[in-house]
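Taking it in order: structure first as structure tokens, then the write-up.
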There are 2 protein chains.
Amino acid sequence: MEEGTSKSPSHCADTDTGTGTGAGPDYDISQWDVREGCEVRQILDRVADKWSLLAIAHLERRTLRFSELRRLIEGISQRMLTVTLRQLERDGLVRRTVYPVVPPRVEYELTELGATLHTTIRSLVDWTESHQQEIAKARSDYDARQSQEVSAS
Amino acid sequence: MEEGTSKSPSHCADTDTGTGTGAGPDYDISQWDVREGCEVRQILDRVADKWSLLAIAHLERRTLRFSELRRLIEGISQRMLTVTLRQLERDGLVRRTVYPVVPPRVEYELTELGATLHTTIRSLVDWTESHQQEIAKARSDYDARQSQEVSAS
DNA sequence: CAGAATCCGCATGGATACTG
DNA sequence: CAGTATCCATGCGGATTCTG
């Protein structure tokens, strides 16, 4: 296996065990990296991952077969789809159902946990979509300034 | 430079130019990868990036100097901090101010655009924090099932 | 202090071939 | 169809060294 995810069950001392909503307005951000060996950063990486994001977004709408996902995501290699789905399954975000029929049929669907990611992911994507022009402009401005400074040297 | 970001100003035909909130409940997700050459996926990757997320989260609270950020994020190398900040600056999310004093002083702060990411990022982190136990459990369950099936073979 | 530049290991991820 | 297994390119990102 290629993933270096240590199987150590260390779920480390959690600061905030409850529903998570109780954290004050200025919970310690440095926790992220302090806890680095811990789950948080790692989970964040998985969830914010390129393919995971896309897979979840698609599964958000309905149950899908392997090949359907493959076609929908399109840019993805079959290898990465497999890996991504396995990770999501392991994290309890996606449920994998195998139908023991002759042409194998495997279906994927979001679990309840996975479904709770809905609003968050949606929010992230919405932000990106609605600000892409601003970002594009910022970039060309930046690039323009750069090449100008270069020629001024 | 190592980044392969083509400077092509192609901001591609945007489906939804407006505020972005107008998209229906089932806007086309496949847009993400169809537009792959376009900004969306790319921006998403940047914003959802490990270090970007941390840097933004810290800058969310107050203006910081380079070395302060370096210490706060801690896991980060000086190289990656530089690269990350440059990208964020280019994208118009972070403003960089250089004070031409003898020991150089450079300060970073979120722009208005960067500040709008606040709720979104917060939401993502909150989700991760509040569900880490569930995920940890799902993982150990999964791993347990795995090693069992292996021994059953 | 705040970076730029260089070198380089190693994990990410694509392409391909094989299986149940 | 739904994978697994292998090989391999590239690029991410750490460590180090050198400037203004």
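Reminder, nothing fancy here: chain letters follow the sequence lines and each chain counts from 1. Note that these values count all heavy atoms, side chains included, but never hydrogens, waters or copies made by symmetry.
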Rounding to a whole Å, what distance do you find between [X]:[atom1] and [N]:[atom2]?
X        : N      : atom1 : atom2 : value
B:Ile73  : D:dG14 : CD1   : P     : 11 Å
B:Ile76  : D:dA15 : CD1   : P     : 12 Å
B:Glu107 : C:dA2  : CD    : P     : 9 Å
B:Arg105 : C:dC1  : CZ    : P     : 11 Å
B:Arg65  : C:dG3  : CZ    : C1'   : 13 Å
B:Arg96  : C:dG3  : CZ    : C1'   : 8 Å
A:Phe66  : D:dT4  : CZ    : P     : 8 Å
A:Gln87  : D:dG3  : CD    : P     : 14 Å

Restricting to side chain to side chain contact (heavy atoms under 4.5 Å, CB included), what partner residues turn up for [X], sequence neighbours left out?
X        : result
A:Ser67  : A:Arg65, A:Arg71
A:Ser123 : B:Thr120
B:Val102 : none

Legend entry - Where B:Arg70 and B:Ile76 come nearest, the two heavy atoms and their spacing: NH1-O, 3.6 Å
Among all residues two or more places apart in sequence or in another chain, which pass the side-chain hydrogen bond (donor to acceptor under 3.5 Å, both in side chains) test with [X]?
X        : result
B:Ser77  : none
A:Thr111 : none
B:Arg105 : B:Glu107

Is the shortest side-chain N/O distance from [X] to OP1 or OP2 of [N] below 4.0 Å?
X       : N      : result
A:Arg79 : D:dT6  : no
B:Arg86 : C:dA4  : yes
A:Ser77 : C:dA15 : no
A:Ser67 : D:dA2  : yes

Inset, instruction - Note down the inter-axis angle between the two ends of the helix from C:dC1-D:dG20 to C:dG20-D:dC1, five pairs each, to the nearest 10°. - result: 40°
Inset, instruction - State yes or no: do A:Leu85 and A:Val98 share one hydrophobic cluster built from I, L, V, M, F, W and Y residues joined by side-chain heavy-atom distances below 4.5 Å, directly or via other members? - result: yes
Protein and nucleotides 17-20 of chain D: nitrogen or oxygen contacts under 3.5 angstrom:
none

Legend entry - Inter- and intrachain pairs under ring pair (Phe, Tyr, Trp, His ring centres under 6.0 Å), touching residues 89-125 of chain A, at least two apart: none
Inset, instruction - Please work out if A:Tyr108 contacts a base, only the sugar-phosphate, or nothing of the nucleic acid, heavy-atom cut-off 4.0 Å. - result: sugar-phosphate
